[in-house]
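Structure, as structure tokens:
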Amino acid sequence: DPGEESAGAEISAQPTGINALGEYFNQVKEKITKKYNTLTSDPKQRAAFIKTFLTLSKSHFDEMDAKFDNPEVALKEE
């Protein structure tokens, strides 16, 4: 049935949370790379950038994990 084929195509073409997350990380990666490339070639400055980025990223992910561990808190914040 031709209607069934088009319905299947529509379902697979719909965006998913995983696809959106992947797209978001690609955008973030581009921005971080641009910022990193604007730094001087001083190894200390570049190392500080990477260390700060990783520390802040971990902090934000820890915060999100805490919300997912306690859904009632996450719902109240929305």
Side-chain angles (χ1 to χ4, degrees):
D1 183 12
E4 288 179 22
E5 288 179 25
S6 64
E10 289 175 22
I11 291 171
S12 64
Q14 292 178 353
T16 66
I18 298 298
N19 292 343
L21 187 59
E23 184 179 320
Y24 171 78
F25 277 115
N26 284 335
Q27 291 171 2
V28 169
K29 179 182 169 186
E30 289 176 24
K31 289 180 181 184
I32 292 167
T33 301
K34 285 180 185 178
K35 290 290 185 186
Y36 182 81
N37 289 334
T38 63
L39 300 174
T40 68
S41 59
D42 180 5
K44 289 181 182 179
Q45 185 182 24
R46 290 182 176 233
F49 179 90
I50 292 169
K51 183 178 179 179
T52 302
F53 171 74
L54 293 175
T55 300
L56 290 173
S57 296
K58 182 182 181 318
S59 174
H60 287 294
F61 280 109
D62 288 346
E63 184 180 312
M64 287 189 304
D65 282 344
K67 288 180 183 178
F68 285 116
D69 288 341
N70 190 352
E72 293 83 23
V73 173
L75 291 174
K76 287 179 185 176
E77 291 182 1
E78 291 178 359

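Predicted, not measured: the structure shown is a model, and the values here were computed from it.
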| said: My understanding is that only residues two or more places apart in sequence, or in another chain, count here; which of them pass side chain to side chain contact (heavy atoms under 4.5 Å, CB included) with Thr40? | reply: Asp42, Gln45

| request: Test side chain to side chain contact (heavy atoms under 4.5 Å, CB included) on Thr33 and Lys29 and set out the steps. | output: CA-CA 6 Å; Thr33 301; Lys29 179 182 169 186; 4.2 Å; yes

| request: Find the distance between CG (Asn19) and CD (Glu23) and round it off to the nearest 0.5 Å. | output: 8.5 Å

| request: Name all residues meeting the side chain to side chain contact (heavy atoms under 4.5 Å, CB included) criterion together with Phe53; count only those two or more places apart in sequence or in a different chain, and write none if there are none. | output: Ile32, Ser57

| message | Under 4.5 Å between side-chain heavy atoms, counting indirect links through other Ile/Leu/Val/Met/Phe/Trp/Tyr residues: same cluster for Phe25 and Leu56 or not? | response | no

| field | Thr55 side-chain N/O to Lys51 backbone N/O, donor-acceptor pair under 3.5 Å | value | yes

| Would one find more than 12 heavy atoms of other residues, nucleotides or ligands at under 6.0 Å from atom CD1 of Ile18? | no

